[in-house]
Amino acid sequence: MDSIKSAISSNLPLAPLTTWRIGGPAARLAVPADLDDVYRLLSLAQDRGWPLFFLGRGSNVLIDDAGLPGLTLHLAKSLQGLERHGDALRVGAGVALPRLAQAAARLGFTGFEFLAGIPGTVGAAVRLNAGAEGASLAGVLALVRVVTPRLQLLEFCPAELGLGYRSSLLLNFPHWLVVEAEFALTRPADPEVIQTRMRELLQARQARQPANPRTCGSVFKNPSEGPAAGWLIDQAGYKGRRLGDALVSHRHANFILNQGQANAAQVKALISEIQEQVWRTQGVALEREVVFLPEDLACRGGPVCPPLRVGGDKED
Ligand SMILES: Cc1cc2nc3c(=O)[nH]c(=O)nc-3n(C[C@H](O)[C@H](O)[C@H](O)COP(=O)(O)OP(=O)(O)OC[C@H]3O[C@@H](n4cnc5c(N)ncnc54)[C@H](O)[C@@H]3O)c2cc1C
């Protein structure tokens, strides 16, 4: 096997790599130089028996105060390809969603505007079918490529991924790394009109959301029916509730803010209190959207693996 191009850092603080600015260090962290490097790093983790974690922009994770064991692959600055191939835009997993929105706008294609205000990467967004303003990635996604821990490259079309509100079958396979996605360029529009629409959406978002950027966005998914999570939390009396420096936003109760030195233990305690109180007062079980690392990474089983379309073992 060729040698790994990226350096592996030891004991690297992860808090600065998350929007919440919370969490302990990674035992080892690497930024893959390219897709071949991804294979080499996955293979190394397997040989050494290291648990494996993926991190994009860290805008939807709560990393434990003890940090992460094993090897963390940080993707926000890797897999940055973005190329047009006919009617498709082929995009690396590390590309930021606002960059994807801008690229589609410049090419004169609508349908991507809602991504301009979501601070995550393509890989994590695909896994969760990220969305906003009534739209989601399902509306523009054409193909997803993932690499499994056994170094298989799999390719899925959206129909195979069971995309729903903040969900996809990929959530059942947390050790599969999304490496690339293709998006359909099917709805031409005037780039100026698209830019104006994006600006309007961003302004509306700024008015709705707290000014403090140290959040993970919505902590809970909205229930499939009935009032939104934020309303339920407000009704349960939790708007403005504080535990240490972790504060339930006054502006949007589904956001928890880090007002300074909040730690993961405090945020987790606040999250469980909210879940318990919303259940007791409103009879609704709120489901977390934010991912707890490392604990949520235990494979959940669940639905059967989506069928394999294009394979290709790559063992080197
Ligand atoms: C201010 C704010 C506003 C937000 N608004 C929205 C919104 O409107 N709509 C919305 O849907 N979300 C929103 N979010 C949440 C978040 O931005 C999205 O969920 C985003 O897709 C997360 O991307 P990330 O790169 O930050 O993922 P991370 O937080 O780094 O990771 C999230 C999960 O994905 C996994 N992961 C990361 N990269 C990969 C990969 N390549 N392959 C497989 N798994 C991977 C991680 O292991 C982790 O389990 C918001 C967040 C913030 C802070």
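For ligands, and for the atoms within them, numbers begin at 1 and follow the listed sequence.
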Self-check item: Contact partition for F53 relative to ligand 1, non-hydrogen atoms under 4.0 Å
Solution: neither

Quiz item: Is a side-chain N or O of D65 found less than 3.5 angstrom from the main chain of N263, in a donor-acceptor match?
Solution: no

Quiz item: Between G58 and ligand 1, does any nitrogen or oxygen pair lie at a separation below 3.5 Å?
Solution: yes

Quiz item: Considering distance alone, does some N or O of T19 sit under 3.5 Å from an N or O of ligand 1?
Solution: no

Quiz item: Numbering the atoms of ligand 1 from 1, which are under 4.0 Å from a heavy atom of A130?
Solution: 11 (O)

Quiz prompt | Shortest non-hydrogen contact between L52 and A45, atoms and distance | solution = CD1-CB, 3.9 Å

Self-check item: Basic-acidic side-chain contact under 4.0 Å: E289, R166
Solution: yes

Self-check item: Distance from atom 27 (O) of ligand 1 to nearest protein heavy atom, with residue and atom
Solution: A124 CB, 3.1 Å

Quiz prompt | Contact atoms of ligand 1, heavy-atom distance to A125 under 4.0 Å | solution = 21 (O)

Quiz item: Does the distance from a Lys or Arg side-chain N to an Asp or Glu carboxylate O, for R199 and E113, drop under 4.0 Å?
Solution: no

Practice problem: Consider every N or O of G117 and every N or O of ligand 1, then say whether any pair is closer than 3.5 Å. | Solution: no

Practice problem: Provide the number and element of each atom of ligand 1 under 4.0 Å from a heavy atom of L75. | Solution: 41 (N)

Quiz item: In ligand 1, which numbered atoms sit nearer than 4.0 Å to a non-hydrogen atom of W176?
Solution: 43 (C)

Quiz item: Does F114 reach ligand 1, in the sense of a heavy atom lying below 4.0 Å from it?
Solution: no

Quiz prompt | Within 45° cone of F292 ring axis and under 6.0 Å: R288 NZ or CZ | solution = yes

Quiz item: Looking only at N/O atoms, are Q209 and ligand 1 under 3.5 Å apart anywhere?
Solution: no

Exercise. Report yes or no: does N254 contribute a side-chain atom to a donor-acceptor pair with the main-chain N or O of S218 at less than 3.5 Å?
Key: no

Exercise. Classify the ring geometry between F255 and H252 as parallel (under 30°), tilted (30 to 60°) or perpendicular (over 60°).
Key: tilted

Quiz item: Taking distance alone, with no angle check, do T215 and ligand 1 share an N/O pair under 3.5 Å?
Solution: no

Quiz item: What's the shortest distance from atom 25 (O) of ligand 1 to any protein heavy atom, and which residue and atom give it?
Solution: T121 OG1, 2.6 Å

Self-check item: Under-4.0 Å heavy-atom contact with ligand 1, by part of L297 that carries it
Solution: neither

Self-check item: Flag if over 12 foreign heavy atoms under 6.0 Å of CD, Q261
Solution: no

Practice problem: For atom 9 (N) of ligand 1, state which one of G131, P213, S136 supplies the nearest heavy atom. | Solution: G131

Quiz item: Quick one: which ligand 1 atoms are inside 4.0 Å of a heavy atom on A132?
Solution: 8 (O)

Exercise. Evaluate salt bridge (Lys or Arg N to Asp or Glu O under 4.0 Å) for K5 paired with D36, printing each intermediate quantity in order.
Key: CA-CA 9 Å; K5 292 182 205 153; D36 280 340; 5.4 Å; no

Quiz item: Where is the tightest heavy-atom contact between S6 and A30, given as atom of each residue plus distance?
Solution: OG-CB, 4.1 Å

Quiz item: Evaluating non-hydrogen atoms only, which member of R208, E289, R57 is closest to atom 24 (P) of ligand 1?
Solution: R57

Quiz item: If you count the non-hydrogen atoms of other residues, nucleotides and ligands that lie under 6.0 Å from NZ in K77, is the total more than 12?
Solution: no

Practice problem: Give the numbers and elements of all ligand 1 atoms closer than 4.0 Å to a heavy atom of L177. | Solution: 40 (C), 41 (N), 42 (N)

Quiz item: Is D234 salt-bridged to K239, cutoff N-O under 4.0 Å?
Solution: yes

Quiz item: Judged by modelled atom types alone, do S136 and N129 share a side-chain donor-acceptor pair under 3.5 Å?
Solution: yes

Practice problem: Considering the heavy atoms of G56, write down every atom of ligand 1 situated less than 4.0 Å from one of them. | Solution: 25 (O), 28 (P), 30 (O), 37 (C)

Practice problem: Could you tell me the residue and atom name of the protein heavy atom closest to atom 29 (O) of ligand 1, and the distance to it rounded to 0.1 Å? | Solution: N60 N, 2.7 Å

Exercise. Measure V291 to ligand 1 on non-hydrogen atoms and call it side chain, backbone, both or neither using the 4.0 Å cut-off.
Key: side chain

Quiz item: For ligand 1, which part of C216 has a heavy atom less than 4.0 Å away: the side chain, the backbone, both, or neither?
Solution: backbone

Quiz prompt | For atom 4 (C) of ligand 1, the protein heavy atom that lies nearest, with its residue and separation | solution = P119 CD, 3.7 Å

Quiz item: What's the shortest distance from atom 14 (N) of ligand 1 to any protein heavy atom, and which residue and atom give it?
Solution: I118 CG2, 4.1 Å

Quiz item: Counting only heavy atoms not in R197, do more than 12 fall under 6.0 Å of its CZ?
Solution: no

Practice problem: Tell me, with the steps shown, if R145 and E155 meet salt bridge (Lys or Arg N to Asp or Glu O under 4.0 Å). | Solution: CA-CA 5 Å; R145 294 193 177 86; E155 210 172 84; 2.9 Å; yes

Quiz item: With backbone taken as N, CA, C and O and side chain as the heavy atoms from C-beta onward, which portion of R127 lies under 4.0 Å from ligand 1: side chain, backbone, both, or neither?
Solution: side chain

Quiz item: Nearest protein heavy-atom contact for atom 52 (C) of ligand 1: which residue, which atom, what distance?
Solution: G217 N, 3.3 Å

Quiz item: Any sub-3.5 Å donor-acceptor pair from T148's side-chain atoms to W176's backbone N or O?
Solution: no

Quiz prompt | Parallel, tilted or perpendicular: rings of F112 and F183 (30°, 60°) | solution = perpendicular

Quiz item: Do L185 and L115 sit in the same hydrophobic cluster, where Ile, Leu, Val, Met, Phe, Trp and Tyr count as joined when their side-chain heavy atoms come under 4.5 Å apart?
Solution: yes

Quiz item: Which protein non-hydrogen atom lies closest to atom 32 (C) of ligand 1, naming both residue and atom, and how far is it?
Solution: V61 CG1, 3.7 Å

Quiz item: Purely on distance, is any nitrogen or oxygen of F255 under 3.5 Å from one on ligand 1?
Solution: no

Quiz item: Less than 4.0 Å between a side-chain N and a carboxylate O, is that true for E133 and R208?
Solution: yes

Quiz item: How close does the nearest protein non-hydrogen atom get to atom 17 (O) of ligand 1, and which residue and atom is it?
Solution: S59 OG, 2.7 Å

Self-check item: Contact check: F54 vs ligand 1, nitrogen or oxygen atoms, below 3.5 angstrom
Solution: yes

Self-check item: Option of least heavy-atom distance to atom 3 (C) of ligand 1 (set: H74, E180, R205, K221)
Solution: R205

Exercise. Using a 4.0 Å heavy-atom cut-off, say whether L128 meets ligand 1 through its side chain, its backbone, both or neither.
Key: side chain

Quiz item: Which atoms of ligand 1 are found less than 4.0 Å from any heavy atom of R166?
Solution: 9 (N), 10 (C), 11 (O)

Practice problem: Return the option from L170, V178, L55 holding the heavy atom at the smallest distance from atom 41 (N) of ligand 1. | Solution: V178

